[in-house]
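Worksheet for the structure shown next.
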Amino acid sequence: MKIGIEKIAFHVPNNYVEMTDLAQARQVDPNKFHIGLGQDQMAVLPYTQDIVTLGANAAQRIVSDTDKKQIAMVIVGTESAHDFSKSAAVSIHHLLGIQPYARTYEIKHACYGGTAALQQAHDFVACHPDKKVLVIAADIAKYGLATPGEPTQGCGAVAMLVSAEPKILRFADDSVYYAEDVYDFWRPAGHDYPLVDGHLSNEIYVESFVKVWEANKKLNQRTASDYAALTFHLPYTKMGRKAFAAIALEMSTADQDRLMAQYEHAITYSRKVGNLYTGSLYLGLCSLLDHGTLKAGDRIGLFSYGSGAVSEFFSLIVEPDFKRSLLIAENEALLAQRKKLTLTEYETLFKQKLPADGGTYEFDDTSSFAIKKISGDIRYYREA
Ligand code: HMG
């Protein structure tokens, strides 16, 4: 039985800031952001939107009325939850009108949550081939104004429908995993922003990639020539390049050129959005599918990394006619129609927070699924 991704779509908010403007405001050479980090624009979220609205908007793009009857599990991978108890998944399940007899929950490990959800979706469909699973990876990456992490912020969500009718990609069942207890990036309860040892996080990311790459070679008997493309978790788009450089010398020039050419296709969207934490690997996958030169049967290697630190390397195989299931024009339009913020507007939005005093407040964000009211610390969402 084939199991895999039947549909995939992302959502990003309607606002962004230009990295050149941010660099100038922080008195940094813009090339540090554009070349040194590989970022051109950064998505910015209004305080009246959250991972529920991001996730619901992404899922709304792919889930049909028939799917809503067949979805038997909804999993949200995130590290940006606003509630320690109730999951974002149950709110999204409600907003989308998915049939009620569905297993619905949230899952966390830093940027790895989306991959954990995707693999659980695979296992569920293996046991229940007539059912579908909605996987959502949604996050808001925020480090604070004028911090080293600021140019690596971003936000958004990727939704994937996993089923036994994989029209886009099928699983190859070849995952390898690695875990190491390390404090490179973490967010203790009560902290608005993560604590991060940025340079250590870069090192652990690359080391983890090399570990799973070596394990993959040994366990699955594969080399670089088996892959049409490699995609990476993208906290900023230079990061995957650094990981790739750690293994490049072991491959032929032809393999290096092919994989690097595909890497450029995989980072197009992330350059304009920034880090989605758990959605970043999958925004890169969307970008590769939309822009890459892939054909049926091609093997894509995916490196998932979550600080703390866990990682997984696995492959997905391209299905025939996959392009027909993509939303390429709509994806481009979503990015093109965004509003460019001035630095003052960005900083104002950044500082705004939902009231947390238990009172009743109404908001006039007319976007679909925006928060329309908060009362007694319950968020009420505007339905699409
Ligand atoms: P920094 O110290 O400000 O930057 O922080 P830097 O001095 O290291 O410079 C960055 C790069 O720009 C360097 O290139 C410079 O040479 C280059 P590299 O040596 O790295 O190849 N550069 C220039 N290039 C061209 N023209 C110039 C110029 N100036 C400098 N004029 C850092 C950078 C990424 C550490 C910081 O932004 C940060 O802490 N970010 C957050 C942490 C992060 O993103 N870590 C990534 C790995 S961990 C991960 O991916 C997990 C994560 O997503 C969280 C999760 O799992 O939940 C973060």
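Read the numbers this way: they start at 1 and go in the same order the structure lists the ligands and their atoms. These numbers come from the heavy atoms of this one structure, side chains and all, not from hydrogens, waters or symmetry mates.
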Worksheet item: With a 4.0 Å heavy-atom cut-off (strictly under), which part of Glu79 contacts ligand 1: side chain, backbone, both or neither?
Response: side chain

Item to complete: Could you check atom 54 (C) of ligand 1 against the protein and tell me its nearest heavy-atom contact, residue, atom and distance included?
Response: Cys111 SG, 3.3 Å

Discussion item. Go through it in stages, so that I can follow the logic: the residues are Glu362 and Arg382, the test is salt bridge (charged side-chain N to carboxylate O under 4.0 Å, His left out), and I'd like the CA-CA distance, side-chain angles, deciding distance and then a yes or no.
Written reply: CA-CA 11 Å; Glu362 300 203 4; Arg382 185 184 313 285; over 6 Å; no

Discussion item. Would you say the ring centers of Phe350 and Tyr193 fall short of 6.0 Å from each other?
Written reply: yes

Worksheet item: Heavy atoms only: which of His109, Lys108, His199 is nearest to atom 8 (O) of ligand 1?
Response: His199

Worksheet item: Taking the minimum heavy-atom distance to atom 42 (C) of ligand 1, which of Asp29, Leu276, Val196 ranks first?
Response: Val196

Worksheet entry | Reference residue Gln41; test side-chain hydrogen bond (donor to acceptor under 3.5 Å, both in side chains); the match among Lys272, Arg271, Glu18 | Glu18

Worksheet item: For atom 30 (C) of ligand 1, what's the nearest protein heavy atom and its distance?
Response: Lys32 CG, 3.5 Å

Discussion item. Counting only nitrogen or oxygen atoms and a 3.5 angstrom limit, does Ser201 reach ligand 1?
Written reply: yes

Worksheet item: If we only count N/O pairs under 3.5 Å, is Tyr277 in contact with ligand 1?
Response: no

Worksheet, complete the sentence: protein heavy-atom neighbour closest to atom 11 (C) of ligand 1 works out as Gly36 O, 3.4 Å

Worksheet item: Do Lys339 and Glu345 meet the salt-bridge criterion of a basic N to acidic O distance under 4.0 Å?
Response: yes

Worksheet entry | Hydrophobic cluster partners of Ile71 (side-chain heavy atoms under 4.5 Å) | Tyr47, Val52, Ile62, Val63, Val74, Val76, Ile92, Leu95, Leu96, Ile98, Leu134, Ile136, Leu161, Leu327, Leu354, Tyr361, Phe363, Phe369, Ile371, Ile374, Tyr381

Worksheet item: Are Lys7 and Glu165 ion-paired here, with the side-chain N under 4.0 Å from a carboxylate O?
Response: no

Discussion item. I'd like to know whether ligand 1 has Tyr112 as a neighbour, heavy-atom separation below 4.0 Å.
Written reply: no

Worksheet entry | Shortest protein contact, atom 44 (O) of ligand 1 (heavy atom only) | Pro235 CB, 3.6 Å

Worksheet item: Measuring from the heavy atoms of Glu150, does anything fall under 4.0 Å of ligand 1?
Response: no

Discussion item. Tell me whether Thr268 contacts the main-chain N or O of His265 through its side chain, where contact means a donor paired with an acceptor under 3.5 Å.
Written reply: yes

Worksheet item: Which bit of Asn275 gets closer than 4.0 Å to ligand 1, counting heavy atoms only: side chain, backbone, both or neither?
Response: side chain

Worksheet item: If you measure from each heavy atom of Pro151 to ligand 1, is any distance below 4.0 Å?
Response: no

Worksheet item: Relative to each other, are the rings of Tyr227 and Trp213 parallel, tilted or perpendicular (30° and 60° limits)?
Response: tilted

Worksheet item: Could an N or O of ligand 1 be found under 3.5 Å from any N or O of Asp184, whether backbone or side chain?
Response: no

Item to complete: State plainly whether the residues Glu79 and Arg187 are in salt-bridge range, i.e. N to O under 4.0 Å.
Response: no

Response to the item:
min-distance protein heavy atom vs atom 21 (O) of ligand 1 -> Lys238 NZ, 2.7 Å

Discussion item. Check the orientation of Tyr205 and Tyr305. Use parallel for under 30°, tilted for 30 to 60°, and perpendicular for over 60°.
Written reply: tilted

Worksheet item: In terms of the angle between their ring planes, are Phe10 and Tyr269 parallel, tilted or perpendicular, with boundaries placed at 30° and 60°?
Response: tilted

Practice prompt. Taking atom 49 (C) of ligand 1 as the reference point, report whether a protein heavy atom occurs under 4.0 Å from it.
Written response: yes

Item to complete: Provide, to 0.1 Å, the distance between atom 40 (N) of ligand 1 and the closest protein heavy atom, together with that atom's residue and name.
Response: Thr152 OG1, 3.2 Å

Item to complete: Measure Asn31 to ligand 1 on non-hydrogen atoms and call it side chain, backbone, both or neither using the 4.0 Å cut-off.
Response: both

Worksheet item: Tell me, which protein residue and heavy-atom name are nearest atom 46 (C) of ligand 1, and how many Å apart are they?
Response: Asn202 OD1, 3.3 Å

Practice prompt. Could you check atom 39 (O) of ligand 1 against the protein and tell me its nearest heavy-atom contact, residue, atom and distance included?
Written response: Gly198 CA, 3.4 Å

Discussion item. With side chain to side chain donor-acceptor pair (under 3.5 Å) as the rule and sequence neighbours excluded, what pairs involving residues 327-337 come up?
Written reply: Arg61-Asn331, Asp290-Asn331, His291-Glu332

